[in-house]
Amino acid sequence: MLRSRIRRGQGTRADEGTARLPELAINGGTPVRAAPYPAWPAPDDGYVDAVTEVVRSGDWGGFPEPGRNATAFEEAFAEYQGARHGVLMMNGTVTMEVALKALDIGWGDEVIIPALTFSATAYAPMAAGALPVIVDVEPRTWTIDPDLVEAAITPRTRAIMPVHLGHQMADMDRIVEIADAHGLAIVEDCAHAHGQQWRGRGAGCMGAFGSFSHQSSKILTAGEGGSLLTNDEALARRAHSIVDCGRAKDPDEKEFTFGANYRLSELNAALLVIAMQRFPEQQEARAAAGKELERLAAEIPGVRVMPADERITRWSFYNYIVAIDPESFAGRTNEIVCAAMEAEGIPAEVQYPPMSRYELFQPSLSRLPVAVEFAERLDPSKMSFPVAEAAGLRESVYFMETVFRDGSRGVEDAVEALAKIQRNADELPS
Ligand SMILES: Cc1ncc(COP(=O)(O)O)c(C=O)c1O
């Protein structure tokens with residue numbers, strides 16, 4: 001669509017002599033990068049051998065829970081991240097639902113989440129029966145704004161779910177302080193933050209639970225999968241029980257509790273065991289490439305780099321997010337700029353709209369049994385998240401993780417593409 005519009009605008013034979021040749025690849029110009037970035041996941045024989053062994057063993061499923069590979073991964077990942085317990089399951093959405101259920105959060109309870117995140121963060125409280133209370137993000141990091149968290153607390157609030165978005169972490173100093181002061185649980189959404197540390201403490205280890213996704217695009221992946229981390233043995237047991245149809249995990253318990261089958265197969269778990277072995281080296285290379293991008297991208301006019309918070313002591317990100325100033329891009333928004341980046345051969349995406357634009361997750365449109373007294377507060381037309389709306393609808397450009405797996409060249413190409421698009425912004429389709 002975009003391309004055909006541009007072609008139409010390129011002129012006819014009569015004005016061919018004066019027409020300017022397009023610079024941007026989205027208009028037919030030469031792309032900055034012709035070669036694809038390294039594919040992800042990056043398979044090697046170690047993965048093949050691990051899966052072959054599971055196939056030969058005949059123990060393919062996740063029952064009895066946890067299986068041999070699941071246990072090995074849970075222990076290795078928990079240790080790397082600095083938690084006492086890991087609980088492996090099907091994905092990084094049900095992880096958060098299970099966490100809230102293990103915390104006994106459900107009907108009538110409120111859970112505070114940020115306005116800029118993947119739909120899963122809002123789905124989880126709803127799946128547990130609780131109300132997601134959405135607050136705006138901070139302009140400095142685009143993660144949940146602690147002042148707004150504090151202002152949103154009511155007698156029904158039970159938990160805060162900060163999301164460590166892109167290359168940042170939420171301000172865990174403030175979130176922990178607020179949670180402690182109000183007796184609230186913290187469930188960290190760490191789908192983007194495998195390996196991150198905040199003042200020496202691992203992401204996912206600072207509250208009741210940390211939730212991780214092992215879906216294909218994530219940096220610690222088995223195609224599908226999700227992990228919970230916790231330091232609390234009783235909570236770990238409850239989470240194991242919920243993912244295993246409610247089977248008792250405590251030797252003293254005889255009865256089934258409330259649960260479903262969220263077990264992950266041993267085939268996926270075996271992939272994760274190998275992925276974990278590869279991870280520390282990948283983390284170091286990605287962090288070095290990320291620093292280079294941070295430095296170079298800051299030189300592009302109209303691009304605001306949001307440096308990683310200095311309290312992050314081990315940096316291990318999924319995507320790196322920059323903010324464009326649409327004015328410096330001839331009034332075009334992030335969506336057009338990302339399409340132009342893709343055409344230049346650079347994987348870049350807008351990712352998330354603000355929560356006020358996710359129809360399904362606007363509480364008044366959902367099936368939540370919302371008390372009448374909340375009607376005003378939950379009316380989507382009255383929701384306003386200025387920072388998340390500016391980010392999601394106009395400014396955010398996510399450099400995808402593959403950009404950071406081709407050394408300096410990968411980063412330089414990405415920066416050159418964005419600079420080229422900015423220089424030639426008047427050529428962008430509107
Ligand atoms: C911030 C965030 N939370 C949760 C999830 C859900 O993870 P999964 O796809 O494994 O269900 C994702 C995955 O895309 C995510 O980006």
Side-chain angles (χ1 to χ4, degrees), residues 40-41 62 70 73 77 86-101 111-128 132 134-135 137 141-144 159-170 172 175 186-196 203-204 207 209-229 239 242-243 260-265 268-269 271-272 275 316-321 347-355 357-358 360-361 385 388 391-392 396 398-402:
W40 186 256
F73 174 71
F77 183 47
V87 187
L88 186 60
M89 61 196 85
M90 276 166 44
N91 56 61
T93 301
V94 295
T95 41
M96 294 183 281
E97 177 191 337
V98 168
L100 295 173
K101 286 177 172 170
V111 176
I112 301 176
I113 66 163
L116 195 66
T117 178
F118 186 52
S119 54
T121 323
Y123 167 86
M126 290 167 68
I134 308 163
V135 303
V137 292
T141 59
W142 284 343
T143 61
I144 199 162
I160 310 169
M161 290 180 57
V163 178
H164 303 309
L165 191 77
H167 62 281
Q168 296 286 5
M169 291 183 74
M172 291 310 291
I175 300 294
I186 298 173
V187 176
E188 296 170 68
D189 183 347
C190 310
H192 297 194
H194 316 69
Q196 296 259 53
F209 282 110
S211 162
F212 295 80
S213 164
H214 305 304
Q215 169 270 339
S216 295
S217 70
K218 302 301 188 309
I219 57 179
L220 184 59
T221 184
E224 296 292 352
S227 284
L228 281 177
L229 296 182
I242 292 168
V243 305
N261 178 4
Y262 290 161
R263 298 182 303 258
L264 189 69
S265 86
N268 295 88
L271 290 172
L272 282 169
S316 181
F317 58 90
Y318 167 49
N319 302 145
Y320 192 101
I321 319 175
E349 288 180 12
V350 170
Q351 293 278 50
Y352 311 123
M355 274 289 160
R357 301 296 169 98
Y358 271 116
L360 183 60
F361 296 105
F385 308 120
S396 62
Y398 290 62
F399 289 96
M400 305 309 279
E401 71 81 33
T402 183

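Just follow the structure's listing: the first ligand is 1, and inside any ligand the first atom is 1.
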inquiry  = I'd like to check whether Ala191 has a polar contact with ligand 1, where a contact means an N/O of the residue lying under 3.5 Å from an N/O of the ligand.
reply    = no
query = Hey, does Thr93 come in under 3.5 Å of ligand 1, counting only N/O atoms on both sides?
reply = yes
query = Which of the atoms of ligand 1 are close to Lys218, meaning less than 4.0 Å from one of its heavy atoms?
reply = 12 (C), 13 (C), 14 (O), 16 (O)
query = Are side-chain N/O atoms of Gln351 and Asn319 paired as donor and acceptor at under 3.5 Å?
reply = yes
task = Kindly say whether Ala222 contributes a backbone atom to a donor-acceptor pair with the side chain of Asn268 at under 3.5 angstrom?
result = yes
key: Distance filter under 4.0 Å to Asn91 heavy atoms, resulting ligand 1 atoms   = 10 (O), 11 (O)
query = Do Phe73 and His214 have their ring centres less than 6.0 Å from each other?
reply = yes
inquiry  = Less than 3.5 Å apart, any donor N or O on the side chain of Tyr262 or Thr95 sitting next to an acceptor on the other?
reply    = no
message = As a test of understanding, state which of Trp142, Tyr320, Tyr318, Phe399 forms a ring-ring contact (aromatic ring centres under 6.0 Å, His included) with His167.
response = Tyr320
ask   = Which of the atoms of ligand 1 are close to His192, meaning less than 4.0 Å from one of its heavy atoms?
value = 1 (C), 15 (C), 16 (O)
inquiry  = Distance under 4.0 Å to a non-hydrogen atom of Gln215: what atoms of ligand 1 satisfy this?
reply    = 9 (O), 10 (O)
query = Do Thr117 and ligand 1 have an N or O pair less than 3.5 Å apart?
reply = no
task = Could you name the option among Thr121, Asn319, Asp189 that has the heavy atom nearest to atom 4 (C) of ligand 1?
result = Asp189
task = Kindly indicate whether the side chain of Arg263, heavy atoms from C-beta on, has any atom under 4.5 Å from the side chain of Met89.
result = no
message = Counting only heavy atoms closer than 4.0 Å, does ligand 1 sit against the backbone of Tyr123, its side chain, both, or neither?
response = neither
ask   = Taking distance alone, with no angle check, do Ser213 and ligand 1 share an N/O pair under 3.5 Å?
value = yes
query = Given Gln215 and Asn91, is the side chain to side chain donor-acceptor pair (under 3.5 Å) satisfied, shown in steps?
reply = CA-CA 7 Å; Gln215 169 270 339; Asn91 56 61; over 6 Å; no
ask   = Taking side chain as C-beta onward, heavy atoms only, is Ile144 less than 4.5 Å from Ile113?
value = no
ask   = Nearest to atom 12 (C) of ligand 1, what protein heavy atom do you find, and at what distance?
value = Phe118 CD2, 3.5 Å
ask   = Going by the atom numbers of ligand 1, which of them fall below 4.0 Å from some non-hydrogen atom of Ala120?
value = 4 (C), 5 (C), 6 (C)
request  = Say whether Met96 and ligand 1 are in contact under the criterion: heavy-atom distance to a ligand atom below 4.0 Å.
outcome  = yes
request  = Please verify whether a non-hydrogen atom of Tyr318 lies at under 4.0 Å from ligand 1.
outcome  = no
request  = Return yes if a side-chain donor-acceptor contact under 3.5 Å exists between His194 and Ser316, otherwise no.
outcome  = no
